[in-house]
Amino acid sequence: MDEQQLINSILAGNKDSYKPIVEQYQSMVFRVCMGFVHSKEDADDLTQEVFINAFLGMKSFNRQSMLSTWLYRIAINTSLNHLRKANKRSIFQRLNNFSGQNILSSENASAHKADSADQQLINLETTSRIKKAIDSLSDKQRIAFVLSKYEEMPQQQIAEIMNTSVGAVEQLLQRAKTNLQKQLADYYK
Amino acid sequence: MNKNSVKDDKEIMEMISKVIEKEKMEKSNPFLSTQIMARLEGPKAVSTGSVYQRVLNYSLVAVSAAIIIIGGINLGNFYANTVNENIEIIALNDAQIEYLTMLIDEEQPN
């Protein structure tokens, strides 16, 4: 059965028709979630939540866009909602993170300058810094960045998913790149 | 923009790309589709009636809160009225009562 037939079958009440859709788009949704949460376990949980939400909301899928576009939007919204909830941390956790950052920046900054680019990559602190820099982007910049870098998606498709123009997507990507370079350049000075 | 900053920016973007490539190599749970289908088939699968159930739950909470508040206000008023009566009794002065009586008697026409 093709995609439209599968959707018709699901809407008719045949839940088994949903399994091929999950198997087809599972990796795609997982990569998008990974781009937001940077954790395999969280990405697995979010992927499951995305497909559950998509199944329950299948009636609202108007088929004016592709199913993949619709799933991308659900994945992005689910990931962002997860991050907003996760950001409501206790003040003690914030203090711990703050003190941890101070120690790491003072002890490792000079070491980074002496290492080559490949050795820096092995360093978990470098990876953590890069992930935090990505996390610090605004929602729109982050969405455009994740779709561009993790899904290697053309700007036209990103614009369709974000319901905006190609020019706006180009601007978002440029600003994301500039912000990332600025943040990481400040750290490595 | 000098040469060093351009080189630094390029190195930074290369590092970012390598971190992203490493994340992209992660594979999702191979049993994900099975788990999802199990959840959809299970008794805890969310149905379309959940919206009404949630509205009902919120309404019950609101009504309970209103009952508690109104009950508390009534209880407080009952206590306040009781206390005021006692204060009036305590404040009665026999001397004043007699004084008033004399005034009233004086005003009566012959």
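Being a predicted model, the structure only gives us computed values, none of them experimental. Below, chains carry the letters A, B, ... as their sequence lines are ordered, and counting in each starts from 1.
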Partners passing side chain to side chain donor-acceptor pair (under 3.5 Å) against A:N14 (at least two apart in sequence or in another chain): A:S9, A:S17
Heavy-atom cut-off 4.5 Å, strictly under: side chain, backbone, both or neither for A:K40 against chain B? side chain
Would you kindly say whether A:E151 and A:Y72 are connected by a side-chain donor-acceptor distance under 3.5 Å? yes
State whether the number of non-hydrogen atoms from other residues, nucleotides or ligands found under 6.0 Å of A:K140 atom NZ is greater than 12. no
With chain A as the partner, which of B:E23, B:E26, B:M13 has the greatest number of non-hydrogen pairs under 4.5 Å? B:E23
If I measure from the heavy atoms of chain B, does A:Y25 come under 4.5 Å with its side chain, its backbone, both, or neither? neither
What residue in A:E23, A:Q26, A:K131 has the most heavy-atom pairs under 4.5 Å with chain B? A:Q26
For A:E152, is it the side chain, the backbone, both, or neither that has a heavy atom closer than 4.5 Å to a heavy atom of chain B? side chain
Between A:K149, A:E49, A:R31, which shows the greatest number of heavy-atom pairs under 4.5 Å with chain B? A:K149
Does a donor on one side chain sit under 3.5 Å from an acceptor on the other, for A:S65 and A:E160? no
Ring geometry between A:Y150 and A:H38 (parallel below 30°, tilted from 30 to 60°, perpendicular above 60°): tilted
